[in-house]
Amino acid sequence: MTNKQKVVIWLSAALIALLTGLLMTVLVKIPEVPRVVLGNSATVLSHQGRCFHLDDSATALDDNVIDEHGVIALLVWNIHKQSDGEWPKALWTQGEHWQLLLLQEVELSKDFSTALENHQFSWSMMPAFRFQGLDYGVMLAARRPPLEGCGLLKVEPWIRLPKAALYGLYALSNGETLLAVNLHGINFDPNLQEWEDQLAPLLRLVMQHQGPVILAGDFNSWGERRSKKLEKLIEPLGLNAVSFEPDERIRVFGTPLDWVFYRGLHLKKAQSPTTNVSDHAPLMVQFELSPGSTSDGETPGVHQ
């Protein structure tokens, strides 16, 4: 699928979303009290509404590090509610050795959650809404449970459906703590105020965190105005934007929607290959801890 075709699909979907937004607010169930959903990690995580933390009785931090020999293989992907291609199998079409997943537009079906758990992932999800008995939102998944985390919701000003964000803190083998922030940005906001308000608490987290950071997801940063605003908001935080080769990220009005920003990590490799299983291309990144090294030249989770 070419980027032009993806843009047409995206614009069509945007128009449909605008026209049906009011109807959807009747059909979908929006949580009165935001609440994170936990997967098999619930055995070691204490739940507190939209937040959670690792139980004191859980295993030692050394047993909960998410990197593998100093390497983090990251997959960031808006998976379009698993409506394209064969899911959940498609999640591993680009590799099976991810240490960390940041997913947007997840439909929390039983098949999907079971597949994650069969691949030994501990996952948490912040539902934006519920439709026909299933939750839809953003998800964090890793080989080990997070130390703590919280989810946030922000309502779209036009279509009145929430967009979700979720962050987690993860132990690393070098003794540091990684802050991973997963965002699905507000889409339809003419003056960008709601979009900025959604970003503000996440950016404060990044600014305050002492340690490595990954801030990633679908920012809906379409058009020059949003793109420049995002650049201005990110600049004071000391974050770097990942460059991809190849770079098949969907672009709308000339700018990418999906980003990976990072700090305190060494970027080894990044790819965003074309795909036919979502309207967004996957973002596949290999980071190395600082200091740290890998035992070979392979890129876990990134196959040639």
Side-chain angles (χ1 to χ4, degrees), residues 39-41 44-45 53-54 58-77 91-103 116-117 119-124 139-149 166-182 205-217 234 237-247 258-273 282-304:
N40 59 356
S41 57
V44 294
L45 291 174
H53 66 271
L54 195 67
T59 54
L61 288 185
D62 288 347
D63 297 326
N64 279 316
V65 299
I66 65 164
D67 59 281
E68 185 174 336
H69 306 297
V71 173
I72 301 173
L74 169 71
L75 175 65
V76 179
W77 203 354
L91 195 60
W92 290 280
T93 56
Q94 305 293 343
E96 296 188 357
H97 304 293
W98 312 110
Q99 276 89 53
L100 182 61
L101 308 176
L102 277 65
L103 306 176
L116 286 172
E117 291 164 9
H119 281 76
Q120 306 302 309
F121 278 98
S122 173
W123 60 267
S124 54
M139 177 179 284
L140 288 172
R143 297 295 185 179
R144 297 291 185 271
L147 306 177
E148 62 180 80
L166 180 65
Y167 75 85
L169 295 174
Y170 292 94
L172 300 175
S173 61
N174 63 358
E176 294 184 305
T177 301
L178 170 71
L179 170 64
V181 183
N182 184 8
L205 278 171
V206 171
M207 180 172 289
Q208 296 167 1
H209 181 66
Q210 300 296 314
V213 172
I214 295 172
L215 168 64
I234 291 295
L237 304 178
L239 296 171
N240 299 301
V242 169
S243 296
F244 297 90
E245 180 58 43
D247 187 353
D258 304 313
W259 295 88
V260 177
F261 299 102
Y262 70 99
R263 187 178 73 201
L265 298 165
H266 180 52
L267 177 63
K268 296 291 289 182
K269 189 173 184 178
Q271 303 179 22
S272 183
L283 312 185
M284 304 164 9
V285 185
Q286 178 188 336
F287 289 114
E288 189 175 76
L289 304 190
S290 180
S293 62
T294 55
S295 59
D296 51 47
E298 294 181 355
T299 305
V302 180
H303 291 180
Q304 297 292 337

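Because only heavy atoms are used, hydrogens play no part in the values below, and waters and symmetry mates are left out as well, while side chains stay in.
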Is there a side chain to side chain contact (heavy atoms under 4.5 Å, CB included) between W98 and M284 once you walk through the steps?
CA-CA 9 Å; W98 312 110; M284 304 164 9; 3.6 Å; yes
Can you list the residues that meet the side chain to side chain donor-acceptor pair (under 3.5 Å) rule with D247, with sequence neighbours excluded?
R249, R251
Closest approach of A270 to V242 (non-hydrogen atoms, all atoms of both residues):
CB-CG1, 3.3 Å
For P282 and P273, the nearest pair of non-hydrogen atoms, with its separation, is CD-O, 3.5 Å
Quick one, M139 with L166, criterion side chain to side chain contact (heavy atoms under 4.5 Å, CB included). Give me CA distance, side-chain angles, the key distance, then yes/no.
CA-CA 7 Å; M139 177 179 284; L166 180 65; 5.7 Å; no
If you take all heavy atoms of Q99 and E68, which pair is closest and at what distance?
NE2-OE1, 3.2 Å
Side chain of N182, backbone of G217: donor and acceptor closer than 3.5 Å?
no
Quick one: are L265 and L178 in side-chain contact, heavy atoms under 4.5 Å?
yes
Start with the C-alpha gap between W123 and F121, add the side-chain angles, then the distance that decides, and say whether ring-ring contact (aromatic ring centres under 6.0 Å, His included) holds.
CA-CA 6 Å; W123 60 267; F121 278 98; over 10 Å; no
Check the orientation of F287 and Y262. Use parallel for under 30°, tilted for 30 to 60°, and perpendicular for over 60°.
tilted
So which heavy atom on L100 is nearest to which on A180, and how close?
CD2-CB, 4.2 Å
How about S272 and L283: do any of their side-chain heavy atoms sit closer than 4.5 Å?
yes
Contact between V65 and L172 at the side-chain level, heavy atoms closer than 4.5 Å - yes or no?
no
Look up atom CH2 in W77 and atom CG in L101, then write down how far apart they are to the nearest 0.5 Å.
10.5 Å
Partners of F244 by ring pair (Phe, Tyr, Trp, His ring centres under 6.0 Å), sequence neighbours excluded?
none
If you round to the nearest 0.5 Å, how far is CZ of R263 from CG of L179?
8.0 Å
Between N240 and L267, does the side chain to side chain contact (heavy atoms under 4.5 Å, CB included) criterion hold? Intermediate values first, please.
CA-CA 10 Å; N240 299 301; L267 177 63; over 6 Å; no
Nearest 0.5 Å, please: how far is NZ in K268 from CD in E288?
4.5 Å
Across all chains, not counting sequence neighbours, the side chain to side chain contact (heavy atoms under 4.5 Å, CB included) partners of A216 are V76, L102, I214, V260
Residue pair D67, N174: steps toward the side chain to side chain contact (heavy atoms under 4.5 Å, CB included) verdict
CA-CA 9 Å; D67 59 281; N174 63 358; over 6 Å; no
How would you list, by chain and number, every residue that makes a ring pair (Phe, Tyr, Trp, His ring centres under 6.0 Å) with Y170, sequence neighbours excluded?
none
Atom pair CZ (R143) and CD1 (I66), whose distance is rounded to the nearest 0.5 Å:
11.0 Å
Less than 3.5 Å apart, which donor and acceptor atoms pair up between the side chains of residues 206-213 and the rest of the protein, not counting sequence neighbours?
from : atom 1 : to   : atom 2 : distance (Å)
H209 : NE2    : T177 : O      : 2.7
H209 : NE2    : P212 : O      : 3.4

Side chains of L205 and L215 in contact at under 4.5 Å (non-hydrogen atoms):
no
